[in-house]
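Below is one structure, written out as structure tokens; the observations come after it.
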2 protein chains.
Amino acid sequence: MPATIRDVARASGVHISTVSRTFSAPHLVNPETRSRVLACAEHLGYRPNRAARALITGRTHNIGLMVADIANPFFPPLIKAAESQARHRDYHIFVTDTNEDPAVEEELVHALAKQVDGLLLCSPRMSNDLIQQLSREVPLVVVNRHVTGLPSVVMDVGQGARLAIEHLSGLGHRDIALLGGPRGSWTNREIRRAAGNAARAVGATLTVLGPNPPTEDGGLAMAEQVQRSGVTAVLAYNDLMAIGLIERLDSLGVRVPSDISVVGIDDIALSRLTRPKLTTVATPTAAAGRAAVDMLLAHDPSSPRGRSIAGDGRRTTAQVTLQTELVIRDSTGPGPHRPADPGDAAAAAPDGVAS
Amino acid sequence: MPATIRDVARASGVHISTVSRTFSAPHLVNPETRSRVLACAEHLGYRPNRAARALITGRTHNIGLMVADIANPFFPPLIKAAESQARHRDYHIFVTDTNEDPAVEEELVHALAKQVDGLLLCSPRMSNDLIQQLSREVPLVVVNRHVTGLPSVVMDVGQGARLAIEHLSGLGHRDIALLGGPRGSWTNREIRRAAGNAARAVGATLTVLGPNPPTEDGGLAMAEQVQRSGVTAVLAYNDLMAIGLIERLDSLGVRVPSDISVVGIDDIALSRLTRPKLTTVATPTAAAGRAAVDMLLAHDPSSPRGRSIAGDGRRTTAQVTLQTELVIRDSTGPGPHRPADPGDAAAAAPDGVAS
DNA sequence: CTGAAAGCGCTAACAA
DNA sequence: TTGTTAGCGCTTTCAG
């Protein structure tokens, strides 16, 4: 049986409220009493029961983290960073996998609401309306998406997509395909918008292919269509799709980058290990995990369920946008239309970074 | 403000204990009353507060899952499967990352003990003694390791290592290196033992190199030593190390599999995507995650903190061993000593499975 | 600075 | 079948 506050009180000869104060408001208790209580607690292996404490304080010291697919290599670094950040602030993290299913997402928010001080929704597939509505039940921070009125952390994939298109254009590519991601993905819309604008600016044509599942298979399945489309370069919604695409192109006899250049997005660990190594847009996933936790815990400590309040009493809705970078590796090479200055992007050092 | 049991009682004109029964023992309440209560609950968006319930029942309906490194691709499929299994049994999962640090592990067990009904320790680095001692505080299930008296789920990596050595021997390799994993890893000892025995049985010499960190870098760092050692084949502690090794060997001008054959262990998703595709021992990680959750929840429901009890009242300590298989891909090829029957393993179909 | 008392949301005997 | 009562482990007024 684990020791309770009563055991400690009895052992140290004080009332339970004094033991309570020793842990939750140490400055209110006489140093001598305090050290005696602490000694007894230590000896009995006592730890305050957080659930009981939560019942009365309203703060659980738990956080929920919802991701679409734990096995998607994009998420583990984010989860790891969030868990670490939370733990250092004395919080524990519930991790849940929604299988890209909006219905599961909603149910999970309800199920976890009472057990956490807030929820991190990573790349949620629910509608904006629903997310806003759910945010009345429990504080929410949204990652990889903008939802009006809610704090969010996004990676600037738009900028990344632009850099990718400019890189390809600089290499002499004018016919580029965009391998789209899942329908309803904010990231996908962002990439599409930015890539479209960038292509227009550099005078390239952009063919959008999709939507597709954001997986290796999603890329595999599109290889023939890419081949038929006659493009000389592809920007994929993420690295996994890019890798699947390259894989299948290879078995179709299409070489990367000599026949077709491919750029991914995310810079998952894997992208450094494939042959050819993948040119990709690096997104700072670990930083996003930390930032999301920080935003959630930035609430006024005295108002358990409140939103961040600015000094003048107005609500502030923080939006963090993290920069992305283009990492040039081996899956992109010269295209049919040589650029004005041949010594430009094409000559960039391998594994170089352009931002 | 979330609705409490009292709100529902008031709205439906019954006592709170009737509302309580409606949710935790529906058969004890009149069907008409029940549906009225349910309707009110639904209308108010009421959900029982699990923390409050746990306080009195002793069951939190939470599980803790401790892994050494979330970002290690071996773990995500296990976490995903465990989370899914737990959720379908109405449990939530705390996920924590210990950074391969035994001290963090111990602290985390204490910290989570009161908040969970049990803990899954995946590849823990703590001593057996400590684990046994901690198991008196909270039910523990150990994954990837045997601890006397505790339920455990292990993959039969010994069998896998034997298959790998036999495969290499069958290809004509007689000088084989074993790239060891981290010190203190049960899996590592098991591989080493089985590989040693198998090598002896087939008349090959086994050079053990290590210990090494279980990462890509761990493999990278050993490439030169492998080259110098003069072996023609390598069995690595895991796929990550195998991939790192191949990577560096390649840049040293050593080709895989023509110069050196390499076998990994785990069959992470990545191993299918590298060039050459990795021959490896597949470990059923998802099955392990599910099995571990099942073992933890297999306790007698009436004894919140008890161990599994056999019919005759004796304790049973379940040990699940999951089979592994050899997946032959492209990183292994013929060695200098041709086998007796050339049409044997060397001719196995690509991506074939031998078990 | 410390104790007494009330109560967080809920379940579990026990009566009625 | 339902209500009453006590209390899980803890924090938080309010007195003293």
Side-chain angles (χ1 to χ4, degrees), chain A residues 1-38 40-41 44-62 111 113-117 301-305, chain B residues 1-38 40-41 44-62 111 113-117 301-305:
Chain A
M1 293 301 102
T4 78
I5 199 173
R6 246 173 286 271
D7 299 321
V8 179
R10 201 174 307 128
S12 44
V14 297
H15 194 265
I16 62 165
S17 56
T18 301
V19 177
S20 174
R21 281 183 207 107
T22 305
F23 286 93
S24 44
H27 58 282
L28 292 181
V29 58
N30 182 308
E32 287 175 22
T33 324
R34 191 198 311 161
S35 57
R36 185 155 39 91
V37 171
L38 249 19
C40 290
L44 295 172
Y46 168 77
R47 301 243 175 171
N49 182 323
R50 290 182 170 219
R53 182 180 277 184
L55 209 49
I56 201 158
T57 62
R59 326 206 77 242
T60 62
H61 268 247
N62 290 151
K114 298 271 201 4
Q115 292 194 81
V116 300
D117 294 337
S302 64
S303 70
R305 282 278 160 101
Chain B
M1 291 300 100
T4 77
I5 198 173
R6 245 172 287 271
D7 299 322
V8 179
R10 201 173 308 128
S12 45
V14 296
H15 194 264
I16 61 166
S17 57
T18 302
V19 178
S20 173
R21 279 183 208 107
T22 306
F23 287 93
S24 43
H27 58 282
L28 292 182
V29 53
N30 183 308
E32 287 175 21
T33 326
R34 192 198 309 161
S35 56
R36 185 155 37 92
V37 171
L38 250 19
C40 291
L44 295 173
Y46 169 78
R47 301 244 175 170
N49 182 322
R50 288 183 173 220
R53 181 181 276 183
L55 208 49
I56 199 158
T57 62
R59 327 206 78 241
T60 62
H61 267 247
N62 290 150
K114 299 270 202 7
Q115 293 195 81
V116 300
D117 294 337
S302 62
S303 69
R305 282 279 160 100

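Letters A, B, ... are given to chains in the order of the sequence lines, protein chains preceding strands, and every chain is numbered from 1.
Atom NE2 of B:His15 is separated from atom CD1 of B:Ile5 by 9.5 Å, given to the nearest 0.5 angstrom. Interatomic distance, CZ of A:Arg50 versus OG1 of B:Thr60, reported as 14.0 Å (0.5 Å rounding).
Residue contacts for B:Ser17: at a heavy-atom cut-off of 4.0 Å it reaches a base atom on one of the strands shown. Counting any heavy atom pair closer than 4.0 Å across all strands shown, B:Val14 reaches sugar-phosphate atoms only and no base atom.
A side-chain donor-acceptor contact under 3.5 Å links B:Thr22 to the backbone of B:Thr18.
As rounded to whole Å, 18 Å separates atom C1' of C:dA12 from atom CZ of B:Phe23. Note: CZ (B:Arg36) to P (D:dT1) measures 14 Å, nearest angstrom. Distance, B:His27 NE2 to D:dT1 P: 10 Å, rounded to whole Å. Protein atom NE2 of A:His15 is 17 Å distant from nucleotide atom P of D:dC14, rounded to whole Å.
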Item to check | CA sep, side-chain torsions, deciding dist, call: A:Arg34, A:Val37, side chain to side chain contact (heavy atoms under 4.5 Å, CB included) | outcome: CA-CA 5 Å; A:Arg34 191 198 311 161; A:Val37 171; 5.8 Å; no
Next on the checklist: Is there a side chain to side chain contact (heavy atoms under 4.5 Å, CB included) between A:Asn49 and A:Thr4? Walk through the geometry before answering.
Outcome noted: CA-CA 8 Å; A:Asn49 182 323; A:Thr4 78; over 6 Å; no
Taking N or O atoms only and anything under 3.5 Å, show me the protein contacts with nucleotides 7-10 of chain D, one pair per line.
unit_1: D:dG9; atom_1: N2; unit_2: A:Ala52; atom_2: O; d: 3.3
unit_1: D:dC10; atom_1: OP1; unit_2: A:Tyr46; atom_2: OH; d: 2.9
unit_1: D:dC10; atom_1: OP1; unit_2: A:Asn49; atom_2: N; d: 2.9
unit_1: D:dC10; atom_1: OP2; unit_2: A:Ile5; atom_2: N; d: 2.3

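Closest approach of B:His61 and B:Asp117 over heavy atoms only: N-OD2, 2.9 Å.
When distances are taken from the side chain of A:Thr33 to each of D:dT11, D:dT5, C:dT2, the shortest belongs to C:dT2.
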